[in-house]
Amino acid sequence: MSNVKFNVAVVGATGAVGEQIIGLLEKRNFPISKLKLLSSPRSAGTVINFKGQDIVVEVATPESFEGIDIALFSAGGDVSKDLAPHAVRHGAVCIDNTNAFRMDPGTPLVVPEVNPEQINNHKGIIANPNCSTIQMVAALKPLQDKYGISRIIVSTYQAVSGAGARAIEELMRQSKEVLDGGETNPDILPVGSLPVKHQIAFNAIPQIDKFNENGYTLEEMKMVNETKKIMGDDSIEVTATCVRIPVVYGHSESIYVELKSDYELNEVRELLSEAPGITLHDDPSSQSYPLATYAAGKPDVFVGRLRRDLGAKRGLNMWVVSDNLMKGAAWNAVQIAEIIASQRS
């Protein structure tokens, strides 16, 4: 880690991802000279302890970033669109967890295990991909390098924490209501701004975000478009079905990938077991495979259920699980910050 110290701002400090970022900065002993915690007016005044020091959360304004070197944003796309350009104007490098800049051609979209070299191409803003995209491309990168990839079909089973704290509360409340034999009154999922709501307790909702005219949701199209950008290959055919399930932390994904050249299953296992940020749990004889309950709170991407497709010669099926708030958001952002810090040492 760098001997140089940095003035760091966390925007959205009181949110679920912001809290994880702050915890990781402390745990990783990130070289911080000054830490500024920022939020909306509603959460301003909250006191957060960092390395034994109480820090009062301030309202995020355009002038909050004066003297800041690195700003980590996780307060929603509108906030990032509004404030990130001001942070850049003040000389900060912004690492943005929202969808605001991901598909901007001039903004690098980075997963450190996949395309860390793109960090150096930033013009002040580096985008963190969607949580479900991050874990998928991290698992597929070793295969792309070795065999090439022609097609990806992914179905996700996504935790309610991806929809925020109120969605977690809704799952807990509804679960109790169902177990008590009562009625549920959904008011958050699948999409808070849409009129129709569905029960999440003991259910699976095949909608995450709003629908496009092509029948795919915005979440599904994020996976399609972000994967091509991160992998640096527009020729990869990607299709996704994203489903919300009654799990609090940890996204699970069933991935079918069609490789460009033949492969040996044992070689795939070896590649994944040696890949950075990947933990292989793949032993059917002992019922060892990735689980959301195990991945929760951990930074790695867990891969298992590796098996040849029964029809396509170069097809491979896999099961990929990761904590959506850790590797899917906070940890990926802090990794990027650590690379920036190391380059300035």
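Distance alone, capped at 3.5 Å, is enough to place a donor-acceptor pair between the R314 side chain and the L259 backbone. Remark: the backbone N or O of N130 is paired with a side-chain donor or acceptor of E226 at under 3.5 angstrom. Of the possible polar contacts, one joining the D323 side chain to the G297 backbone as a donor-acceptor pair under 3.5 Å is found. Here the side chain of T156 pairs no donor or acceptor atom with the backbone of Q158 at under 3.5 angstrom. Checked by atom type and distance alone, the side chain of E170 never pairs as donor or acceptor with a backbone atom of I200 at under 3.5 Å. The backbone N or O of Y294 sits less than 3.5 Å from a side-chain atom of K298, completing a donor-acceptor pair. At least one donor-acceptor pair closer than 3.5 Å links the side chain of K36 to the backbone N or O of S64. The backbone N or O of V248 lies less than 3.5 Å from a partner atom in the side chain of S161, making a donor-acceptor pair. Within the 3.5 Å criterion, the main-chain N or O of D104 finds a donor-acceptor partner in the side chain of K229. In terms of modelled atom types and a separation under 3.5 Å, the side chain of D69 and the main chain of N7 share a donor-acceptor contact.
Note: the hydrophobic cluster containing V110 also contains L24 (ILVMFWY, side chain heavy atoms under 4.5 Å, direct or indirect links). Cluster annotation: L109 and V334 are assigned to distinct hydrophobic clusters (Ile/Leu/Val/Met/Phe/Trp/Tyr, side-chain heavy-atom contacts under 4.5 Å, transitive). Cluster annotation: M318 and V111 are assigned to the same hydrophobic cluster (Ile/Leu/Val/Met/Phe/Trp/Tyr, side-chain heavy-atom contacts under 4.5 Å, transitive). Note on F302: it does not cluster hydrophobically with V320, by side-chain heavy-atom contacts below 4.5 Å among ILVMFWY residues.
Taken from CG in L194 to CG in L189, the straight-line distance is 11.5 Å, to the nearest 0.5 Å. To the nearest 0.5 Å, atom CD1 of residue I70 and atom CZ of residue F6 are 5.0 Å apart. Residue E113 holds its CD atom at 13.0 Å from CG of L140, rounded to the nearest 0.5 Å. Atom CZ of F202 is separated from atom CG of L171 by 8.5 Å, given to the nearest 0.5 angstrom. Between the OG atom of S193 and the CD1 atom of I188 there is a distance of 10.5 Å, given to the nearest 0.5 Å. Rounded to the nearest 0.5 angstrom, T133 OG1 and E219 CD are separated by 7.0 Å.
Counting heavy atoms from C-beta outward, N332 and P112 have side chains that approach closer than 4.5 Å. For the pair L37 and F50, the minimum side-chain heavy-atom distance is 4.5 Å or more. Residues E220 and M223 have side chains not in contact (no heavy-atom distance under 4.5 Å, counting atoms from C-beta outward). Two residues are said to be in side-chain contact when any heavy atoms from C-beta on lie closer than 4.5 Å; P129 and I230 meet this criterion. Looking at Y147 and L271, their side chains come closer than 4.5 Å, going by heavy atoms from C-beta outward. Two residues are said to be in side-chain contact when any heavy atoms from C-beta on lie closer than 4.5 Å; E267 and K146 meet this criterion. The shortest side-chain heavy-atom distance between K327 and P299 does not fall under the 4.5 Å cut-off. Side-chain contact check for I340 versus I126: some heavy-atom pair is nearer than 4.5 Å.
Counting heavy-atom neighbours within 6.0 Å of R173 CZ, excluding the residue itself, gives a total above 12. Counting non-hydrogen atoms of neighbouring residues, nucleotides and ligands closer than 6.0 angstrom, the CZ atom of F101 exceeds 12 such neighbours. Residue-environment remark: CD (E66) stays at or below the threshold of 12 foreign heavy atoms within 6.0 Å. More than 12 non-hydrogen atoms from other residues, nucleotides or ligands lie less than 6.0 angstrom from CG of D180. Environment of CD in E183: sparse, with no more than 12 heavy atoms of neighbouring residues, nucleotides or ligands closer than 6.0 Å. Within a 6.0 Å radius of CG in L310, no more than 12 heavy atoms belonging to other residues, nucleotides or ligands are found.
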Stepwise side-chain contact (heavy atoms from CB on, under 4.5 Å) check, V224 with Y216: CA-CA 10 Å; V224 172; Y216 287 81; 5.7 Å; no

side-chain contact (heavy atoms from CB on, under 4.5 Å), that's the test. Do L218 and N212 meet it? Break it down for me. CA-CA 7 Å; L218 294 176; N212 285 320; 3.2 Å; yes

How far apart are the C-alpha atoms of V178 and Q199, what are their side-chain angles, what is the distance that settles it, and do they pass the side-chain contact (heavy atoms from CB on, under 4.5 Å) test? CA-CA 10 Å; V178 172; Q199 175 183 316; 3.8 Å; yes

Can E258 and K313 be said to form a salt bridge (charged side-chain N to carboxylate O under 4.0 Å, His left out), step by step? CA-CA 9 Å; E258 209 163 280; K313 182 180 179 183; over 6 Å; no

Which is it for R28 and W331 under the side-chain contact (heavy atoms from CB on, under 4.5 Å) test, yes or no, and what are the steps along the way? CA-CA 10 Å; R28 300 283 299 175; W331 172 229; 3.6 Å; yes

Report the C-alpha separation of F65 and F73 in whole Å, then their side-chain angles, then the decisive distance to 0.1 Å, and conclude whether the ring pair (Phe, Tyr, Trp, His ring centres under 6.0 Å) test is met. CA-CA 12 Å; F65 304 95; F73 281 76; 5.6 Å; yes

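In summary, the side chains of N29 and K51 do present a donor paired with an acceptor at a separation below 3.5 Å, with no hydrogens or angles considered. N120 and Q343 are linked by a side-chain donor-acceptor pair at a separation below 3.5 angstrom, with hydrogens and angles left out of the test.
When every heavy atom of A295 is checked against every heavy atom of V321, the shortest pair comes out as CB-CG1, 3.8 Å. A275 and P142 get closest at one heavy-atom pair: CB-CG, 3.6 Å. For N128 against A329, the heavy-atom pair with the smallest separation is ND2-O, 2.9 Å. Heavy-atom minimum distance, Y263 versus R307: OH-O, 4.5 Å. A pairwise comparison of heavy atoms in N324 and G162 identifies ND2-N, 3.4 Å as the closest pair. The heavy-atom pair separating L83 from P62 by the smallest distance is CD2-N, 3.7 Å.
Taking the charged nitrogens against the carboxylate oxygens, R269 and E264 have no contact shorter than 4.0 Å, which rules out a salt bridge.
In summary, of the residues considered (N317, N266, L272), a side chain to side chain contact (heavy atoms under 4.5 Å, CB included) with L306 occurs for L272 alone.
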Pairs under 3.5 angstrom only: tabulate donor-acceptor contacts from the side chains of residues 11-22 to other protein residues two or more places apart or in another chain.
unit_1 : atom_1 : unit_2 : atom_2 : d
T14    : OG1    : S43    : OG     : 3.3

